[in-house]
There are 2 protein chains.
Amino acid sequence: MARPRKFDEERAVDAAMEAFWAAGYEATSTQDLCEATGLGRSSIYNTFKSKHDLFERALARYMECKSAELTELLESELPARDKIRALLQRVIDEESAARGADGRGCLVVNTYVEVSARDDAVAAALARDYDKRLAAIRDVLESGRRAGEIAAGKDARTLAHLAIASVSGLRVAARAGVGRAELEAIADAALAAF
Amino acid sequence: MARPRKFDEERAVDAAMEAFWAAGYEATSTQDLCEATGLGRSSIYNTFKSKHDLFERALARYMECKSAELTELLESELPARDKIRALLQRVIDEESAARGADGRGCLVVNTYVEVSARDDAVAAALARDYDKRLAAIRDVLESGRRAGEIAAGKDARTLAHLAIASVSGLRVAARAGVGRAELEAIADAALAAF
DNA sequence: GAAGTTTTGGATGGATCAGTACAAAATGAG
DNA sequence: CTCATTTTGTACTGATCCATCCAAAACTTC
């Protein structure tokens, strides 16, 4: 038939994801993407339509990974509040490690802020991801409410929104330079609302 | 002596702030800054050292304004928790209006995410601003704790961190497309932690 | 009004941007 | 081996990036 590809498309998307994650969309040049993926310009443009297209792929991949991690975390046998606690703790671990290592934060939060407002396709993808996470957490809290672990008067959906907002809040705080111990105290205080 | 300036430096910084606020640092070109301020290239580079310098000025101005607003808000006669409630409500008003009007969010949060990690000077300025806000809110909560409005077992400083994190969380949620009514429910739920 | 000083506009520089054109290289099918 | 097809490397496009240069304009002081 024809000459076969010398690279793995998935690995290229992964590498691009790392690049966008580290520097953001605008600040990542196509040259950076070539170096990160190890591909030539032609290969990238032959495989992906554009930088924007590659970004959407990379973002989708990131969201997939994170979504899988969340699902796994929420599937444990812990009480609902402890699941939320574990979620917040994981975020703190990520962000604290990231500060020392690379300080790149979370690609989803970064993209909300940097890209979302001026890019409808990206905004829509982020909104779908948000809804998925919201539903997963709401289910957990709803079960917890039925099990009596969460006060009956509290709305599971609202608390799920709050859980996600708490995650974002911790991430921004971490980026603001708040240290690990303080982040853990904040998370602990936030749990009082659940 | 010499030819006087035809423009007001402060107004120029204001206009630049609006531009950076609307589009972010990278996506705002020097051409955009000329158009926003109404100045020529020479005037801008004669007055400010560089785009980066102008950005620092604009960010400082933004933080000054917001800081003044916060101080004013915290000076009311309300109980401590109601002050926090008012703070969250103001954020919701801002973000909900912004979504329809321009969707630019908060320049400080945007800058944390877009610039902070790769710009020490900006990161330091943001950190100073964070500390100021933290201290102001901590004082309010400390008073509230002494007045018995806040449980004695809670640490005012941690709650102040939490208040700031709640603001960031709401802002990111708003950018994620969460509507006004839901934001208000989230804020209400978050207040249970105070 | 002349001299001296600063601002201003417009042209320009060199770098980098995203994306394309094209021919050489590489492969499987016949 | 030859042909058809796809990938790949390199050179290149036109646009835009931030910043600088310079001469003309504008204003104060003398």
Side-chain angles (χ1 to χ4, degrees), chain A residues 1-60 110-111 114-122, chain B residues 1-59 110-111 114-116 118-122:
Chain A
M1 288 263 283
R3 176 175 178 176
R5 243 175 224 169
K6 219 161 52 186
F7 66 93
D8 177 14
E9 191 167 320
E10 294 265 308
R11 298 190 81 84
V13 173
D14 263 353
M17 181 188 83
E18 296 286 336
F20 283 126
W21 192 359
Y25 178 73
E26 295 279 356
T28 302
S29 68
T30 51
Q31 185 58 37
D32 293 334
L33 292 170
C34 289
E35 285 161 19
T37 58
L39 304 182
R41 271 184 138 50
S42 299
S43 298
I44 286 187
Y45 278 92
N46 188 40
T47 310
F48 311 99
K49 225 175 49 201
S50 62
K51 174 184 172 182
H52 184 269
D53 190 66
L54 178 51
F55 178 73
E56 287 188 319
R57 291 279 303 268
L59 178 62
N110 298 354
T111 304
E114 190 198 346
V115 183
S116 175
R118 280 164 301 142
D119 189 323
D120 291 342
V122 167
Chain B
M1 288 265 284
R3 176 175 178 175
R5 245 177 221 166
K6 219 162 52 186
F7 64 93
D8 177 14
E9 192 168 318
E10 294 265 307
R11 298 190 82 83
V13 173
D14 263 353
M17 179 188 83
E18 296 287 335
F20 283 125
W21 192 359
Y25 179 73
E26 295 279 356
T28 302
S29 69
T30 52
Q31 186 58 38
D32 293 335
L33 292 170
C34 290
E35 285 161 19
T37 58
L39 304 183
R41 270 186 141 51
S42 300
S43 297
I44 286 187
Y45 278 92
N46 188 38
T47 310
F48 311 100
K49 225 175 48 201
S50 63
K51 174 184 173 183
H52 183 270
D53 190 66
L54 178 52
F55 178 74
E56 287 189 318
R57 291 279 302 268
L59 177 62
N110 299 353
T111 304
E114 190 200 345
V115 182
S116 174
R118 280 165 300 140
D119 189 323
D120 292 341
V122 167

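A, B, ... follow the sequence lines: proteins, then strands. Residue 1 opens every chain.
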How close or far is atom [atom2] of [N] from atom [atom1] of [X], stated in whole angstroms?
X        : N       : atom1 : atom2 : value
Lys49(A) : dT20(C) : NZ    : C1'   : 16 Å
Phe7(B)  : dT7(C)  : CZ    : P     : 8 Å
Phe48(B) : dT7(C)  : CZ    : C1'   : 14 Å
Ile44(B) : dT6(C)  : CD1   : P     : 21 Å

At under 4.0 Å between heavy atoms, what does Ser50(A) touch on the DNA or RNA strands: base, sugar-phosphate, or nothing?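 Contact class for Ser50(A): sugar-phosphate only.
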Using the salt bridge (Lys or Arg N to Asp or Glu O under 4.0 Å) criterion, which residues pair with Arg11(A)? Sequence neighbours excluded.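 Here no residue qualifies.
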Can you give one letter per nucleotide of nucleotides 9-17 of chain D, going 5' to 3': B for a protein heavy atom under 4.0 Å from the base, S for sugar-phosphate only, - for none? BBB-----S
Residue pairs fulfilling side chain to side chain donor-acceptor pair (under 3.5 Å) with at least one residue in residues 12-31 of chain B, sequence neighbours excluded: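 Listed once each, the pairs are Asp14(B)-Arg61(B), Glu18(B)-Arg104(B), Ser29(B)-Asp32(B), Thr30(B)-Arg41(B), Gln31(B)-Glu35(B), Gln31(B)-Arg41(B).
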Asp8(B) CG: over 12 foreign heavy atoms closer than 6.0 Å: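 Counting other residues, nucleotides and ligands, CG of Asp8(B) exceeds 12 neighbours.
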5' priority, DNA chain D, between Asn46(A) and His52(B) [closest heavy atom]: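 Its nucleotide being nearer the 5' end, the pick is Asn46(A).
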Which heavy atom of Leu39(B) sits nearest a heavy atom of Ser43(B), and at what distance?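 Shortest heavy-atom contact: CB-CB, 4.1 Å.
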Which atom pair, heavy atoms only, marks the closest approach of Val122(B) to Glu56(B)?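 Result for this residue pair: N-OE2, 4.1 Å.
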Could you give the distance from CZ (Phe7(B)) to OG1 (Thr37(B)), rounded to the nearest 0.5 Å?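 It comes to 8.0 Å.
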Report yes if at least one side-chain N or O of Tyr45(A) is closer than 4.0 Å to OP1 or OP2 of dT20(C); otherwise report no.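 The answer is no; no side-chain N or O of Tyr45(A) sits under 4.0 Å from OP1 or OP2.
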